[in-house]
Amino acid sequence: MAPMGIRLSPLGVAVFCLLGVGVIYHLYAGVISNRWAAFRKGDKVDLRDLLAVSVEAAVLGGLEVKKTRRGDNLEEKSKGKTREGAIELLTAGDLRSHRKMFNLISNTFPDVTVISEEHDNTVDKAASWSRKIPADILEKINGGKDVPAERVTVWIDPLDATQEYTENLVKFVTTMVCVAVDGKPVIGVIHQPFTEFTAWAFVGQGSNMSPRPSYSVSPPKTIVSRSHSGQVRSFVQEAFGNSTTIIEAGGAGYKVLSLVSMPLSEDEPVDQADVYIHVTFIKKWDICAGAALLNALGGHMTTLKGEDIDYSGAPLNKGGLVASVGVDHKALLEKLPNGEPEKH
């Protein structure tokens with residue numbers, strides 16, 4: 001007898017297909033959810049992962065900064081003027097770095113508030129974390145440092161020292177990321193695109209940086225802004241005396257690096273200073289990463305009156321700043337002139 005033919009019911013085929021799609025969906029969803037769970041635990045984020053992403057973002061932004069500078073097509077334009085009348089510049093390097101850094105961090109941690117110096121409508125949904133944690137971070141920092149996302153603010157400076165960047169004074173240029181929790185700087189990353197050196201710190205956990213063996217305070221060698229100086233020179237001399245060595249430099253990130261022990265570099269050695277003073281308004285994306293780095297090393301960054309700076313809310317810090325490590329910060333503050341710095 002010939003084998004009987006098998007007739008497939010259209011309804012049965014449809015049910016079977018739906019079941020198959022359901023199984024595939026749940027398997028796929030499980031893979032995706034497991035991947036996200038590594039760095040998104042509900043509405044929490046793992047700060048070690050956020051540190052690793054911050055380092056990667058700063059490095060990728062730095063590559064754009066360097067590529068644009070070497071291409072010599074900066075497309076520079078003015079964003080306006082500071083209170084002191086200095087022109088604030090915007091270049092293609094700023095914007096390209098911003099796109100890399102902002103999209104990478106925002107895509108990886110979509111529940112976290114990310115604030116960048118630059119603003120751009122370019123959205124890159126494909127920007128994703130490589131999932132690589134640098135070896136020195138794995139060695140020094142344990143995972144599992146989870147905090148609710150709503151307590152976290154990430155500050156990005158895609159290109160610090162834009163003025164110097166346009167002048168090809170690239171030793172001053174950095175890209176920076178800072179993570180603040182409840183307004184306190186907890187993670188700081190300062191990357192030098194043209195030397196490819198990255199400084200990072202996690203307050204209370206570890207850092208790849210350290211203070212220098214010694215500092216001078218009689219008088220301290222003081223580093224100040226070269227493009228937003230205000231009346232800082234007379235202010236510093238009134239505080240520490242006319243014999244005080246004053247170093248003019250670009251970029252808040254560079255000035256913080258001048259306070260710590262840096263690798264030797266024959267090409268572009270970083271200046272060495274004992275204190276960093278700024279007397280005019282300054283934005284939090286300029287200083288938050290440096291504050292975290294100094295805090296992690298036992299140092300301080302405060303207003304001129306010695307107040308801690310809140311790294312949440314509005315981006316403007318109106319109180320100036322004093323930054324130091326390895327010295328008596330309170331004693332430095334006591335030497336500063338009273339009154340408004342602009343009057344000195």
Side-chain angles (χ1 to χ4, degrees), residues 21-69 71 73-75 77 79 90-134 137 143 145-160 162 174-181 187-189 191 193 198 200 284-285 288-289 312 315:
V21 169
V23 169
I24 294 171
Y25 170 81
H26 284 291
L27 287 173
Y28 182 77
V31 171
I32 295 298
S33 64
N34 287 338
R35 184 178 179 188
W36 276 99
F39 50 93
R40 284 191 71 198
K41 301 177 177 65
D43 61 347
K44 292 186 176 182
V45 295
D46 185 317
L47 291 180
R48 186 180 70 172
D49 286 350
L50 186 46
L51 168 59
V53 173
S54 298
V55 168
E56 189 166 308
V59 170
L60 290 176
L63 290 174
E64 295 298 317
V65 167
K66 185 162 62 172
K67 183 168 61 177
T68 304
R69 176 66 263 186
N73 184 21
L74 302 186
E75 303 175 24
K77 57 185 178 181
K79 294 193 293 185
L90 175 69
T91 70
D94 293 88
L95 286 178
R96 291 167 185 166
S97 177
H98 160 80
R99 290 165 187 163
K100 287 287 185 180
M101 297 174 69
F102 184 86
N103 283 300
L104 174 57
I105 296 173
S106 296
N107 290 352
T108 309
F109 297 99
D111 296 326
V112 166
T113 299
V114 183
I115 303 173
S116 174
E117 177 176 6
E118 310 307 341
H119 303 279
D120 182 71
N121 294 326
T122 302
V123 176
D124 182 6
K125 292 295 185 182
S128 60
W129 180 29
S130 68
R131 303 287 301 149
K132 295 178 181 177
I133 299 179
I137 293 178
K145 305 293 188 298
D146 299 336
V147 297
E150 67 268 17
R151 294 171 55 194
V152 177
T153 303
V154 177
W155 296 90
I156 298 175
D157 193 339
L159 199 170
D160 191 34
T162 300
T174 61
T175 58
M176 296 189 287
V177 181
C178 178
V179 177
V181 178
I187 289 171
V189 176
H191 175 68
T198 306
W200 61 264
K284 292 174 184 176
W285 47 67
C288 185
S312 60

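Count residues from 1 along the sequence. Keep in mind the model is a prediction, meaning the values are calculated, not measured. Computation of the quantities below employed the complete heavy-atom set of this structure, encompassing side-chain atoms and omitting hydrogens, waters and symmetry-equivalent molecules.
Atom CD1 of I115 and atom OG1 of T153 lie 5.5 Å apart (nearest 0.5 Å). Between K284 atom NZ and S312 atom OG the span is 6.0 Å, to the nearest 0.5 Å. Interatomic distance, CZ of R96 versus CD of E118, reported as 13.5 Å (0.5 Å rounding). Within the model, atoms OG1 of T68 and CG of L159 stand 8.5 Å from one another, a figure rounded to the nearest 0.5 Å. Separating the NZ atom in K125 from the OG atom in S106 is a distance of 8.5 Å, to the nearest 0.5 Å. Distance CG/L90 to CG/L95: 4.5 Å, rounded to 0.5 Å.
Across every non-hydrogen atom of A127 and N107, the tightest pair is O-ND2, 2.9 Å. When all heavy atoms are compared, the tightest approach of A92 to N73 is CB-O, 4.1 Å. Among all heavy-atom pairs drawn from R131 and W129, the shortest one is NH1-CZ3, 2.6 Å. When every heavy atom of E56 is checked against every heavy atom of S130, the shortest pair comes out as OE1-OG, 2.6 Å. Closest heavy-atom contact between V189 and A58: CG1-CB, 3.8 Å.
Within the 3.5 Å criterion, the main-chain N or O of D43 finds no donor-acceptor partner in the side chain of D111. Distance alone, capped at 3.5 Å, places no donor-acceptor pair between the S97 side chain and the G93 backbone. Formation of a donor-acceptor pair under 3.5 Å by the E64 side chain with backbone atoms of K100 is not found in this model.
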- What's the verdict on side-chain contact (heavy atoms from CB on, under 4.5 Å) for I156 and H98, showing C-alpha distance, side-chain angles and the deciding distance? CA-CA 8 Å; I156 298 175; H98 160 80; 5.7 Å; no

- Item | From CA spacing to verdict: side-chain contact (heavy atoms from CB on, under 4.5 Å), M101, S116 | CA-CA 9 Å; M101 297 174 69; S116 174; over 6 Å; no

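With contacts defined as side-chain heavy-atom distances shorter than 4.5 Å, the pair R69/L74 qualifies. Between V152 and L50 the shortest side-chain heavy-atom distance falls below 4.5 Å. Residues P315 and W155 form a side-chain contact, since some pair of their non-hydrogen atoms from C-beta on lies under 4.5 Å apart. Put simply, the side chain of D124 does not reach to within 4.5 Å of the side chain of R99, judged on heavy atoms. Using a 4.5 Å cut-off on side-chain heavy atoms (C-beta onward), V112 and I105 make no contact. Between L51 and V179 the shortest side-chain heavy-atom distance does not fall below 4.5 Å. Two residues are said to be in side-chain contact when any heavy atoms from C-beta on lie closer than 4.5 Å; V53 and L104 meet this criterion. Residues D49 and F109 form a side-chain contact, since some pair of their non-hydrogen atoms from C-beta on lies under 4.5 Å apart.
Tested against H191, the residues D160, T198, T174 include a single side chain to side chain donor-acceptor pair (under 3.5 Å) partner, T198.
Donor-acceptor pairing under 3.5 Å is recorded for the side chains of D94 and T91.
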